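Below is one structure; the comments refer to it alone.
A, B, ... follow the sequence lines: proteins, then strands. Residue 1 opens every chain. Since we're looking at a predicted model, the values are computed, not measured.
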Protein chains: 2
Amino acid sequence: MSKSLPKAAPASSSPTRRSPPEAQPSHPAGGLSIAQVAEQAGVSVATVSRVLNGHENVRPATRDKVLAAVDASGYRVNELARNLRTAESRLLLTMVPDVGNPFYAEIVRGIDSVARQHGYFMLLCDTGADPGRERSYFDLLRRRRADGAICLDPATIQQALGEASSALPWVACCEFDPATGVPYVGIDNYRAAGDAVRHLLARGHRRIGLINSDVDYLYARQRQQGYLDALTEAGITPDERWRMNLNSLDYEAGASAAALLMQQPHAPSAIFAVSDTLAIGVIHGLRSVGKRVPDDVAVVGFDDISLAAQIDPPLTTIAQPMRELGETAARLLLQRLANPLANVPGVLLPHRLVIRRSA
Amino acid sequence: MSKSLPKAAPASSSPTRRSPPEAQPSHPAGGLSIAQVAEQAGVSVATVSRVLNGHENVRPATRDKVLAAVDASGYRVNELARNLRTAESRLLLTMVPDVGNPFYAEIVRGIDSVARQHGYFMLLCDTGADPGRERSYFDLLRRRRADGAICLDPATIQQALGEASSALPWVACCEFDPATGVPYVGIDNYRAAGDAVRHLLARGHRRIGLINSDVDYLYARQRQQGYLDALTEAGITPDERWRMNLNSLDYEAGASAAALLMQQPHAPSAIFAVSDTLAIGVIHGLRSVGKRVPDDVAVVGFDDISLAAQIDPPLTTIAQPMRELGETAARLLLQRLANPLANVPGVLLPHRLVIRRSA
DNA sequence: GTGAAAGCGCTAACAG
DNA sequence: CTGTTAGCGCTTTCAC
C-alpha cells in the first residue's frame with residue numbers, strides 16, 4: 001500500500017495559517033519559525049541555527065541574544081523540517097507482537113535505554129494490534145519516518161525476511177534466520193529446550209508433553225527439536241500426542257491446551273511450555289481439571305518473566321537475558337546505522353535454567 | 001493480552017503497491033525522489049503527486065503511466081517532506097508508565113484500533129523507562145513529530161497539567177483533573193473503591209487494609225477516599241496502620257507490603273489493592289508468611305487484567321472497561337485534532353465488580 | 001488535465 | 001564570527 005489512506009479527518013484539518021507571533025508560548029498550531037526568532041534577536045537564521053545546534057563559533061553575546069529570543073518566544077524547533085534537511089529522524093521503532101506479553105517489556109526497556117543513550121527516541125508498535133497487516137510498520141522505515149527498527153514479532157520477521165526487506169536498517173530479535181544477512185540477537189533455543197527437558201528427565205519424568213507455539217516460527221521449530229532430541233537421547237520415543245501447537249501465547253490458550261492434554265488415556269506427567277504465559281495458563285488449566293502442580297504434573301516454562309516467581313507454585317523456567325537481548329539489539333542497529341555497509345554479526349546470548357517449585 | 005497473530009500469510013499482502021525492488025535496487029539510503037519518478041513517467045512532479053494522493057483530475061492513461069513508474073522504481077513517498085509541507089504527521093503518541101503492566105495493553109489496543117481506523121499510526125512510549133524525564137515525550141508534540149498524544153501515566157499527566165501544556169493536543173486517560181480543561185476519560189474511582197470495600201464489608205470483614213499507590217496521584221486519592229468513606233459509613237473507624245502507600249505497582253511491591261501489613265498485632269482480615277498486579281503480589285506475599293487466601297485474608301484487586309482469572313485463587317476485582325477507555329481516549333483526541341477550538345468533554349465510563357474466589 | 005514555480009522550516013556551504 | 005543562499009522532497013496554487 002502506499003497512498004489512499006482513508007484520510008478520515010477530511011479537509012477539516014485546516015492548516016491554520018496562523019497569526020503573527022505574539023511574544024508568548026501561545027503556539028496555536030501554526031508554530032514559530034526560526035526566521036521570527038532571528039528577527040527578534042536581530043541576527044540571521046543561520047546564527048540562530050548555530051546556537052540551536054550548539055556550534056562553537058558564535059560570540060557569547062550573540063548566543064545570549066538568541067537564547068533570550070528563543071526563551072521569550074517559546075520557540076521549538078520544527079523537527080519535521082530539520083529531519084527533512086538532515087535526512088534522519090532520530091527515531092527507532094520496536095515492533096512487538098503483543099505489548100501485553102510481559103516477556104517483551106524488559107527487552108523493550110533494554111532497547112530504550114541504549115537508544116536514549118545515543119540520542120534516539122524509541123517508539124513501540126504493537127504488530128498484533130494490526131491483524132490485517134495492511135499497513136506494515138516497515139513502511140515507516142521505507143518512508144523515512146524512522147531511522148531504524150528492531151523487530152520482536154516472529155510473524156513480522158518471517159514476512160520481512162521473505163520480502164526483499166533485508167536492505168532496510170533493521171535487526172531481528174529472538175526470532176532470526178542466520179542465513180539472511182539480517183543482524184540478529186537471540187538465544188540458543190535448541191539447547192535451551194533441551195535443558196528444560198533434561199531437567200524434567202532428571203526428576204524422573206518420562207511422559208513429557210510439549211506445548212509449543214506455531215511451528216512456522218523458527219524458534220518454535222528449534223525448541224521442538226531440542227525437546228525431541230533430548231527425549232530420544234534419553235531413550236524415549238516421543239509420542240506425537242504429547243505435543244500441541246498453539247497460535248497464541250495467551251494464558252487461556254495454555255489453559256485449554258493443558259486441559260486437552262490431560263484428557264488422554266496416558267497423559268503426560270510433565271509439561272514443557274515454550275513461554276511463561278503459556279505455562280501459567282497450563283497451571284491454571286491443570287488445576288481446573290483437578291491436577292496439582294507439581295505433584296500430579298510438573299510444569300516448566302520459558303522466559304522467566306517477573307510473574308513467574310509470584311504464582312503458586314513458583315514456576316521453574318528457562319530464563320532469557322531479556323534486558324541484554326534488548327540492549328544488544330539496539331547496539332546492533334546503531335552499528336548498522338552508523339555504517340550501513342559494515343557486516344553486523346548475529347549474536348547468541350546465554351540462557352539459564354531457573355528451578356523453582358513447579359518442576 | 002490478546003491473541004498474538006497466527007502466522008501471516010506471507011507476502012500476499014497489499015494488492016496495491018507491492019513492488020519488486022529488484023527492478024531498481026538502488027536504495028543507497030538516498031531514496032528515490034518524486035522527481036525521478038516523474039522523469040521516468042514523462043510527466044511533471046505535480047502530476048505524480050496528484051496520482052499519489054488520489055486526486056481525481058488526472059487522465060487514466062497518465063495515472064497508469066505514473067503508477068507503472070512508481071511500481072518499477074520501488075518508490076516510496078518521503079513522509080518527512082510531505083509532513084513538512086502539510087504540517088501534519090499522522091502520528092499519535094501514547095505514553096504509558098510501564099509497558100510491562102498488562103493493564104495498559106488492552107487500553108493501548110483500543111487506542112490503536114481507532115487511530116488506525118482514522119488513518120493514523122499510533123506509537124507507544126514507555127515513560128517509566130525514562131526516570132530522569134529530561135526528554136519529555138511531550139516534546140515530540142511540541143516539535144511536531146506527532147500530531148497528538150494520549151497520556152496514561154499519572155506522573156506525566158500531573159506534570160503536564162502543571163505546566164502550560166494544556167494548549168497541546170493531548171488527552172488524559174485514567175488519571176485526570178476536570179478542572180484543567182484537558183480532555184479526559186476514566187472511571188469513577190471513588191465509587192469503584194467504595195464498591196470494592198462494600199463487598200468486603202458484606203462478606204463480614206471489618207479490618208480492611210488498603211494497599212494504594214502514591215497519593216500524589218489523583219486516582220489514588222479518590223480511591224483512598226472511597227475506601228475511607230465506605231468504612232466510615234459502615235460505622236468503622238479507619239485505622240491508619242491498615243493503609244500503605246507504594247510508589248510502584250510491581251508484584252514485588254505488593255508482596256512485601258502485604259507481608260509488612262501482616263506483621264501488625266491486629267492485622268487486617270482483608271486487603272484491597274488498587275491494582276491487580278499489586279493484588280497478585282499481595283497474594284504471593286500473604287502466602288509467603290503462611291496466610292491463606294481467602295480463608296485467612298481476603299483480597300480484592302482493581303483493573304481485571306486477564307491474568308486475574310488465571311491465578312490461584314482467581315482474583316475478585318474491580319473491572320475497568322479498558323478497551324473502551326482506549327477507544328474513547330482516541331476519539332476525544334481525534335475530535336480535538338479535527339477542531340482545536342471545540343470544547344472536548346471529559347467522560348467517565350462504568351466499572352464493575354467481578355467476584356471470583358479471592359474475596 | 002497538466003506543468004511551472006513557490007515555498008513548508010531548517011541546515012550547511014560559501015562568502016565576507 | 002555572521003549573513004546569504006541554496007536546496008532537502010513534497011504539495012499546491014495558478015497558468016496554460
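Residues B:P97 and B:D153 approach most closely at CB-OD1, 3.4 Å, considering heavy atoms. A pairwise comparison of heavy atoms in B:R76 and A:D139 identifies NH1-OD1, 3.1 Å as the closest pair. Contact detail for A:S33 and A:Y75: the closest heavy-atom pair is C-CE1, 3.8 Å. The shortest heavy-atom contact between B:D147 and B:P169 is O-CG, 3.2 Å. Listed here is the closest heavy atom pair of A:L91 and A:R145: CD2-O, 3.6 Å.
Here A:A46 lies in heavy-atom contact (under 4.0 Å) with a base. Within the 4.0 angstrom heavy-atom criterion, only backbone atoms of the sugar-phosphate kind lie near A:N78; the bases stay farther away.
For the pair B:R59 CZ and C:dT2 C1', the interatomic distance rounds to 9 Å; values are reported in whole Å. Rounded to an integer number of Å, the gap from CZ of B:R63 to C1' of C:dG1 is 11 Å. We find that CD of A:E79 is positioned 11 Å from C1' of C:dC10, with the value rounded to whole Å. Atom CZ in A:R85 sits about 13 Å away from atom P in C:dC10, given to the nearest Å. Atom CZ in B:R145 sits roughly 14 Å away from atom P in C:dC10 (whole-Å rounding). Taking atom NZ on B:K65 and atom P on C:dG1, their separation rounds to 15 Å, with Å as the unit. As rounded to whole Å, 12 Å separates atom C1' of D:dC10 from atom CG of A:L80. Computed from coordinates, the B:N83 CG to D:dT12 P distance equals 12 Å when rounded to whole Å.
Dashed line: the shortest gap from a side-chain N or O of A:S44 to OP1 or OP2 of D:dG3 is under 4.0 Å. Taking side-chain N and O atoms only, B:T86 has no distance below 4.0 Å to OP1 or OP2 of D:dC10. Side-chain nitrogen and oxygen atoms of B:S49 include none within less than 4.0 Å of the OP1 or OP2 phosphate oxygen of D:dC10. Considering only side-chain N and O atoms, A:T47 lies under 4.0 angstrom from the phosphate OP1 or OP2 of D:dG3. OP1 or OP2 of C:dT11 sits under 4.0 Å from a side-chain N or O of A:N53.
Each of A:L337, A:I150, A:L123, A:I111 was compared with A:L92 under the side chain to side chain contact (heavy atoms under 4.5 Å, CB included) criterion, and only A:L337 meets it.
Each end of the helix from C:dG1-D:dC16 to C:dG16-D:dC1 gets its own rotation axis from five pairs of C1' atoms, and the angle between them is 40° to the nearest 10 degrees.
No hydrogens or angles were tested; on distance alone, a donor-acceptor pair under 3.5 Å links the side chain of B:R50 to the base of C:dG3.
Taking every side-chain heavy atom of A:L84 into account, D:dC8 is the closest of C:dT2, D:dC8, D:dT2. Looking at the side chain of B:A81, the nearest of the listed nucleotides D:dT11, C:dC10, D:dG9 is D:dG9.
Annotation: the span from B:R82 atom CZ to A:R144 atom CZ amounts to 13.5 Å, rounded to 0.5 Å.
Classification of the A:F121-B:Y137 ring pair by plane angle, with boundaries at 30° and 60°, yields tilted.
Residue whose closest nucleotide on DNA chain C sits further toward the 5' end, between B:V58 and A:H55: B:V58.
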